[in-house]
Amino acid sequence: MQDPFSIAEKTCETMMATYEASQLPPVGRFHYHQGVFLLGMEMIWHKTHKKEYFEYIKNWVDSIIIDEEHIEFNTDQADDVQAGILLFNLLAETGEKKYQKALDRIIKIYQGWSRTKEGAFWHKEDCPHQVWLDHIYMQGPLACRYGATFNKPEIFEPSLTHLDVMFKHCKDPKTGLLYHAWDESRKAPWADPETGCSPEFWGRAIGWVCAALPDMVEWLPVQHPKREQLIQWHKELVAAIVLFQDTTTGLWYQVLDKGDRTDNWIELSCSCLFTYGIAKGIRLGYLSPSYQEALKKSWKGISGRIIMDSRGMVQIPDICIGTGVGDYTHYVKRPRQVNDLHGVGAFLFACAELGSLQYLLSQ
């Protein structure tokens, strides 16, 4: 079985050879595509301390943040603030005040986003009244880490309220899975006229939640009254997710609960996010080690699909491109790409956590 850290290093080197840091797509602005990939690289840097990884991350951030007053991003959506998570490590390592000032600006933007009547964030200004699962990963870990780092616990609260509303409306009582989105107004074409929910359980959207919850738990103070609720949500979500793990491949489908349909397909980014979330929950001490069997199966499936080409470059296939909300056909017809940054970042997440739980994989 391949060592997670070794293949992760080869993956970082592949991407560095493919893109100059400043040319990571979408070029010229803060965005979660680059943020997710580079956060994965940062996780591997913490394990290897390879200077070139740190410099690559810093070079990308510095190509966007000229100074604290000039950050290229769309301020009306969480997708473009997620990359702010990279600023904490840069601040800690360099002491450059522009990183803290940029974080302060991002948090002010987060505090000003529009919300539903119950206090959940709209996904974007052009998606009024809509709550999407993806949103919590883009801002939740950032808000919790900011609050913990700068001793501003009030910054946690909007994100925690968002989770309350999201689980209230998106959780399916039968499967325990989460619908991709909920529309407070019931006006979106995909919204059920009674519940407001979208019709399907999209793998990567649920994967973002599975990754966000332990990331948020990690930064919430132990005494925080909502911390145990986040842990319970994660426990229940993981219990539901593992029931839909494919018995043949150890992986998960694009539409999670419809693996029996011939046009559905195994999707790597959600499989990696689930693997990461489960492994991290075990490492943090609140998920049962009995989930190691699910991790063994998922890692065998993930690593078995990674291709090393003739140039020695890592190729990660079967990654769904960015996707809006829709019906079953919408999801299964979405294009797949090799080395899409969604999947590369999620793969590095999984490698980092599984490398920390290496003993589980060797049993």
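Hydrogens, waters and symmetry mates are skipped; everything else that's a heavy atom, side chains included, is used. Bear in mind that the values here come from a model prediction, so they are computed numbers and not experimental data. Residue indices begin at 1 and follow the sequence shown.
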Do you know the tightest heavy-atom contact between [X] and [Y]?
X    : Y    : result
N264 : V255 : ND2-O, 2.9 Å
A78  : Q139 : CB-CG, 4.4 Å
I44  : C351 : CD1-CB, 4.5 Å
S298 : L251 : O-CD2, 3.5 Å
L87  : A102 : CD1-CB, 3.8 Å
A211 : L273 : CB-CD2, 4.1 Å

Does one hydrophobic cluster hold both [X] and [Y], with members joined at side-chain heavy-atom distances below 4.5 Å?
X    : Y    : result
L268 : W202 : no
W233 : L243 : yes
V344 : I306 : yes
L86  : V27  : no
W132 : M166 : no

Has R336 got its NZ or CZ under 6.0 Å from the middle of the six-membered ring of W265, at an angle within 45 degrees of the ring axis?
yes
Report the C-alpha distance between Q130 and T116 in whole Å, list the side-chain angles of each, state the deciding distance to 0.1 Å, and finish with yes or no for side-chain contact (heavy atoms from CB on, under 4.5 Å).
CA-CA 8 Å; Q130 296 178 23; T116 68; over 6 Å; no
Report yes if the distance between the aromatic ring centroids of W60 and F30 is under 6.0 Å, otherwise no.
yes
Check: F121 ring centroid to Y110 ring centroid under 6.0 Å:
yes
How about [X]: does its [atom1] atom have over 12 heavy atoms from other parts shown lying under 6.0 Å from it?
X    : atom1 : result
E194 : CD    : no
K10  : NZ    : no
Q315 : CD    : yes

Is [Y] paired with [X] through a side-chain N to carboxylate O contact shorter than 4.0 Å?
X    : Y    : result
E184 : K117 : no
K296 : E293 : yes
K226 : D164 : yes
K174 : D172 : no
E9   : K47  : no
E96  : K58  : yes

State whether the side chain of [X] and the backbone N or O of [Y] hold a donor-acceptor pair below 3.5 Å, judged by distance alone.
X    : Y    : value
N339 : V314 : yes
S356 : A352 : yes
H330 : G324 : yes

What verdict does the side-chain hydrogen bond (donor to acceptor under 3.5 Å, both in side chains) test give for Y99 and D62, after you've listed the backbone C-alpha separation in whole Å, the side-chain angles of each residue and the deciding distance to 0.1 Å?
CA-CA 10 Å; Y99 299 127; D62 288 347; 2.7 Å; yes
For W45, run the ring-ring contact (aromatic ring centres under 6.0 Å, His included) check against F54, Y56, F5 and tell me which one passes.
F54
Using a distance-only test with no angle check, is there a side-chain donor-acceptor pair under 3.5 angstrom linking [X] and [Y]?
X    : Y    : result
E125 : S114 : yes
T323 : R334 : yes
E353 : T275 : no
Y32  : D134 : no
H31  : D80  : yes
E267 : W252 : no
K300 : T249 : no
Q232 : E236 : yes
D183 : S185 : yes
E200 : S198 : no
Y276 : D215 : yes

Euclidean distance, [Y] [atom2] relative to [X] [atom1], rounded to 0.5 Å:
X    : Y    : atom1 : atom2 : value
R105 : I107 : CZ    : CD1   : 13.0 Å
L103 : K97  : CG    : NZ    : 11.5 Å
W182 : W190 : CH2   : CH2   : 9.5 Å
M313 : T11  : CE    : OG1   : 10.5 Å
D126 : Q77  : CG    : CD    : 7.5 Å
L341 : S269 : CG    : OG    : 11.5 Å

Side chain to side chain, [X] and [Y], heavy atoms closer than 4.5 Å:
X    : Y    : value
L287 : K235 : yes
W122 : V131 : no
I206 : L133 : yes
Y179 : F201 : yes
R305 : I266 : yes
Q82  : Q34  : no
F37  : H33  : no
V338 : I316 : no

Angle between ring planes, [X] versus [Y], binned at 30° and 60°: parallel, tilted or perpendicular?
X    : Y    : result
H342 : W208 : tilted
F349 : Y137 : tilted
H180 : Y331 : tilted

Residues K124, D76; criterion salt bridge (Lys or Arg N to Asp or Glu O under 4.0 Å); working and verdict
CA-CA 6 Å; K124 299 179 184 180; D76 66 347; over 6 Å; no
Kindly determine whether H129 and K187 satisfy side-chain contact (heavy atoms from CB on, under 4.5 Å), including the steps that lead there.
CA-CA 9 Å; H129 309 286; K187 293 180 179 179; over 6 Å; no
Set out, in order, the CA-CA distance, both residues' side-chain angles and the distance that settles ring pair (Phe, Tyr, Trp, His ring centres under 6.0 Å) for F244 and Y253, then state yes or no.
CA-CA 8 Å; F244 295 94; Y253 280 86; over 10 Å; no
